[in-house]
Protein chains: 2
Amino acid sequence: MSQQVPALPDLPEATVARLPEYLRALHHLAESGNDTVSSEALAGAAGVNSAKLRKDLSHLGSYGTRGVGYDVALLIDQIEYVLGLTQRRAVALVGVGNLGHALAGYAGFGSRGFRIAALFDADPGRVGEHINGLVVRHIDELPEIAEAESIAIGVIATPATAAQSVADRLVAAGVTSILNFAPCVLSVPDGVDVRKVDLAIELQILSFHEHRKASLIALPAAGGLTALPGGLAATGTEEAVGS
Amino acid sequence: MSQQVPALPDLPEATVARLPEYLRALHHLAESGNDTVSSEALAGAAGVNSAKLRKDLSHLGSYGTRGVGYDVALLIDQIEYVLGLTQRRAVALVGVGNLGHALAGYAGFGSRGFRIAALFDADPGRVGEHINGLVVRHIDELPEIAEAESIAIGVIATPATAAQSVADRLVAAGVTSILNFAPCVLSVPDGVDVRKVDLAIELQILSFHEHRKASLIALPAAGGLTALPGGLAATGTEEAVGS
DNA sequence: CGCGATTTGTGCACGACTTCACAAGCGCCT
DNA sequence: AGGCGCTTGTGAAGTCGTGCACAAATCGCG
């Protein structure tokens, strides 16, 4: 009975991280009226190597047709199933400051499988405020609302000083996945997943590459930007930096 | 003469991605009055393995003392030098919608080596607006301002439909590093670095793990969350999910 | 019905990254 | 001065991810 669905294979983490990108590209293709797509075309739209794409898709039980390509609608269903997006997941957002406001109003969550079910803040001055059709609750109300709304995912958009405390409260309220925008490391029990997004870190990584590029052109030119191997610098493939 | 500074070693990309996290932890330690720190302690504060930390630091020419640890202030200087943060880098932010507003007001950029030098938007209704002490300019003014302010880093916070066009304009204006918040793949010439941050993708990755956890407890319990190997689930180390 | 064009799925080799385990080095205490 | 404990730096092994190159499979057409 529970073996009806193709039991989740344990995908490589790198593959999981790319599936959402494939999904986005597929939705785009579907809207453009495409019925099928080759691995080459889909890989191009997702910004990856076509062999990598095929290997990724093969991990979730191949649904392509040789000589033809992949059925766009079928592949969308498959990936959405694997990612657990067949149900719309409820998300709690904690911290409605500068960034939290923007996240609460971000349309991308709603259109890609998520529903912001509740907003929380510790500042009584912010409690009661209406944002995008939702009212900000006090963080003390988290347990009851998390229970009532079946919230399993939490987003932390508080200052770093409050983040660990908020994480503890989220875990206590039954949250098992956390997206952390605060610039700090969180400690959570086993079984709870944490992903971190730090905007300043992304810029610092870019800064390193700027520094490297600048030091290269300062050296006696040897195979740097000055020697363009392929003729004119083609507006071609994106330069991959990091993951 | 130009060999005075320890010429940039080409660090592994994975190391570069972790250096900013070390830097943040080091600043925190310095504020707490710590003078030196062991690899074990710093690794804990940064959420990584201590062997990994030592290898990362060894790549930039070891500045630790055996039996003692690392000099906090010296290490901060080293990492900031390698990341190119000795100068405060000017950043252009394009798109002052929902997310752009939040980014323009984000204090973390200023405190970690960056200066938002200009805001741009294509919507005439938004041009002229004051945000956080800056006035929003029209995107057509980008070339002159980028030149005047020596802007080499651009942040794209526009809708996906506009992102490629904005990227082209940024590159034409001399920008060589782009941080892209729009959910799409950018094509840029060689020599231009792009990093992408997609908030919905992060949630979808968490959703996958939720789905996996849910399907595990649905199966006959075999080594899942039910069998706690180390006694009580200690509020210990963070569970690493992806990079 | 058979053949060629096309595209998937994958074995294999390579490279990157991680982790362990330990020798080498440093400071402190006696 | 000498020895001991602590910590770094790194060789080596293991793991993970990537990309090539090709066999297998499918469709369309004559």
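Hydrogens, waters and symmetry mates are skipped; everything else that's a heavy atom, side chains included, is used. Bear in mind that the values here come from a model prediction, so they are computed numbers and not experimental data.
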Taking donor-acceptor contacts at under 3.5 Å, does the side chain of A:Arg66 reach the base of C:dT8?
yes

Testing the 3.5 Å rule here: is there a donor-acceptor pair between the side chains of [X] and [Y]?
| X | Y | answer |
| --- | --- | --- |
| B:Thr36 | B:Asp71 | no |
| B:Gln87 | A:His211 | no |
| A:His27 | A:Arg24 | no |

Heavy-atom side-chain contact between A:Leu57 and A:Thr15 under 4.5 Å:
no

Could you tell me whether the side chain of B:Phe114 reaches within less than 4.5 Å of the side chain of A:Ser207, counting heavy atoms only?
yes

With a cut-off of less than 4.0 Å, is there a side-chain N or O of A:Ser39 near OP1 or OP2 of C:dT8?
yes

Are OP1 or OP2 of C:dC26 and a side-chain N or O of B:Tyr70 less than 4.0 angstrom apart?
no

Check ion pair B:Lys213-B:Glu210 (N to O, under 4.0 angstrom)
yes

Report the residues that fulfil salt bridge (Lys or Arg N to Asp or Glu O under 4.0 Å) with B:Glu80, sequence neighbours left out, ordered by chain and then residue number.
none

What integer distance in Å separates [X]:[atom1] from [N]:[atom2]?
| X | N | atom1 | atom2 | answer |
| --- | --- | --- | --- | --- |
| B:Leu60 | D:dT10 | CG | P | 12 Å |
| A:Arg54 | D:dA21 | CZ | P | 13 Å |
| B:Leu19 | C:dC17 | CG | P | 13 Å |
| A:Glu40 | D:dC20 | CD | P | 11 Å |
| B:Leu42 | D:dG9 | CG | P | 12 Å |
| A:Leu53 | C:dT8 | CG | P | 8 Å |
| B:Asp10 | C:dA16 | CG | C1' | 13 Å |
| B:His59 | C:dT18 | NE2 | P | 10 Å |

Check the interface with nucleotides 16-18 of chain D: list each N/O to N/O pair with the protein under 3.5 Å, or write none.
from	atom 1	to	atom 2	distance (Å)
D:dT18	OP1	A:Arg18	NH1	2.8
D:dT18	OP2	A:Arg18	NH1	3.4
D:dT18	OP2	A:Arg18	NH2	3.0

